[in-house]
Amino acid sequence: MGEHATVHATMRIALLGVAAGVQFGLSLRQLAGHEYRPTWVAVAAFATLALVTATAAVWVVRGKPLPRTVVALGTVVSLTAASAATAVVPEGGHFGAPDWAVGLVGWHLVLLLLDRVPVLLAALGTHLVVSAGQFALAGAPGRAEVGAAGIVALGTVSMQLAVVVITRMLVRRTGQAMAVAAERDRLTTRVLYAEQWEREQRTVFAGQLGATLPLLADLADGVLDPRDAGTRRRCALAATQLRRLFAENDEVPDPLVHEVTACVDVAERRGVEVSLAVSGAAVAVPAEIRRDLTGPVVAALSAARVRAKVSVLRTDEDVRVAVVADAGAEVVAASTARVEVECGTYGDYLRTEARWRRNS
Amino acid sequence: MAQEQLTAVVIDDHPAVRDGVAQWLAAGTPAIRVVAAGDDVRVAWLGDGAAADVVILDLHLGGPAPATADLRRLVQAGRRVVVYSMRADDAIALRCLESGALSYLTKAEGAEHLRQATIAAAAGRAYTPPALAGALAGDRSERRPALSARETEVLVEWFQSESKEFVAQRLGISLSTVNTHLEHIRIKYAMSGREAPTKAALVARAIQDGLVRLDDL
């Protein structure tokens, strides 16, 4: 569709030039140089054909396809004008120099009907039959005159048909070229996408490793004391973050619960007694939302001392991931753009809840 | 009648579970006596088991298919059933409530919840342990009853914390209000779906207790 439109639009601009050029460059001279009776019919026919070209130009110069009504009207008007002009040709002038309309109107028809080939062929055929009829009615032509007329008719029509054939070939070639270009574009996009994905993965990993690397450096340099409770808590946090990060790219049916389980796993290895409860049927949660939902779990579990309860609840409206634990330390977790986080201490207990409203 | 000791029958395919449950129930206050136990539902229909106040039923007796037909028959006979299951499966828990079980506990939930559930069941009352609260809160079925925002919050908080004191503190309400909300929710569930004698009794009991008024229904 696209390539058709482009080729047709370009060809029409050329045809517009041809129609105007033939009419004003060749036909005008004939109109002025011969005597037509009545003269006004020939002049009116000439003006009408010029008007058809001008009307078509309104769409053609903007590269727009011609509306159906313009095409239908233009075809009928052109054919009528041409036969009117032929009707007033002086005797013996049929298919000759005075009969300027016989060759000219073919260009108008090609201009109007370039993308409607069957209709174009029918219109050109009608034109030839009518012209031949007028030629025959104008007085019994001799064999030589018929032959000359045939050569003129064949010459003009074959040039016009050649334009149609060239257009069709161009359409096909352009189609192939555009398909190749589109495939190349798709490949380029895919390569760019893959590169960007890899870059993002690196940044995400680097971003989430951020807490781990300085911690390891400080431990190695002896800046931090591994026996210190604060250091141990930072290690627990880093370990949970890493474990959750590794779980993030696993192919599992319920990634959220998988990531929460990974956090629970690390806490249990640390000796915390954790119970995990999951309720409500699984729903799809985008990766970045999962990161926001499990962030507070990581923080709360690494602060838990002896016991913790982790729960995942999925309802019609929201997904809520909560931790209630006997806290050994304050936990700070902030809300993100799409996940509300609530954090609080109640007596000896710490509670965090991350809540994603699915429809917001 | 009120002075008599509460009795229960335990149906479970593991002897250790049967003995453990009997031990747990006997050790609490008030003590509950397990009068019969076995790995077949028949113990609840014959002998001492037929007269026990509460039936504690393991839903997965030896096979993968849950014993829902057995549950339904017991409930139809007016027996007060506490389902005690290995699996924390929301859909099965909701189906048991629909059939008329007074409580659904997972074996991970421990002695205290089982005792509470048994005492409540003996009086024809429902008990909602945290896992069941989660199942109710996550219920997305068409015919689920409409809960108020407060009721939903209580369910969710109870599921999350497993501590009613914690829920009361968090929401700034009294412990008894927490319980009232939970009972209200269960009555709403008892009034939805299939009819069962125990569900009707639960609603009647709630009216008697002044938990709901007739014009609320």
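The model shown is predicted, which means the values in this text are computed figures rather than measured ones. Every chain is numbered from 1, with letters handed out A, B, ... down the list of sequences.
- For A:E342, the part sitting under 4.5 Å from any heavy atom of chain B is the side chain, from C-beta outward, and nothing else.
- With rounding to the nearest 0.5 Å, the separation of CZ in B:R144 from CG in A:D316 is 4.5 Å.
- B:E162 has its side chain within reach of A:S275: a pair of non-hydrogen atoms, C-beta onward, lies under 4.5 Å apart.
- Other residues, nucleotides and ligands contribute over 12 non-hydrogen atoms within 6.0 Å of the CZ atom of A:R355.
- At a 4.5 Å heavy-atom cutoff, the contact between A:A281 and chain B is made by backbone and side-chain atoms alike.
- The distance from the CZ atom of B:F159 to the CZ atom of A:R320 is 10.5 Å, given to the nearest 0.5 Å.
- Of the inter-residue distances, the one linking A:T315 atom OG1 with B:L155 atom CG reads 11.5 Å to the nearest 0.5 angstrom.
- Of the two parts of A:V310, neither the backbone nor the side chain holds a non-hydrogen atom closer than 4.5 Å to a non-hydrogen atom of chain B.
- Counting heavy atoms from C-beta outward, B:E157 and A:R351 have side chains that approach closer than 4.5 Å.
- The shortest non-hydrogen separation linking A:G280 to B:R140 is C-NH2, 3.9 Å.
- Looking at every heavy atom in both residues, A:G347 comes nearest to B:Q169 through N-NE2, 4.1 Å.
- For the pair B:D90 and A:R314, the minimum side-chain heavy-atom distance is 4.5 Å or more.
- Contact check on B:R170 versus A:E353 returns no salt bridge, with no Lys/Arg side-chain nitrogen under 4.0 Å from an Asp/Glu carboxylate oxygen.
- Only the backbone of B:A131 comes within contact range of chain A, with at least one heavy atom under 4.5 Å from a heavy atom of that chain.
- For A:S279 against B:A135, the heavy-atom pair with the smallest separation is OG-N, 3.2 Å.
- Neither the backbone nor the side chain of A:V323 comes within contact range of chain B; no heavy atom of the residue lies under 4.5 Å from a heavy atom of that chain.
- Put simply, OG on B:S163 and OH on A:Y349 are 6.5 Å apart, with the number rounded to the nearest 0.5 Å.
- The number of heavy-atom neighbours closer than 6.0 Å to CG of A:D221, taken from other residues, nucleotides and ligands shown, is above 12.
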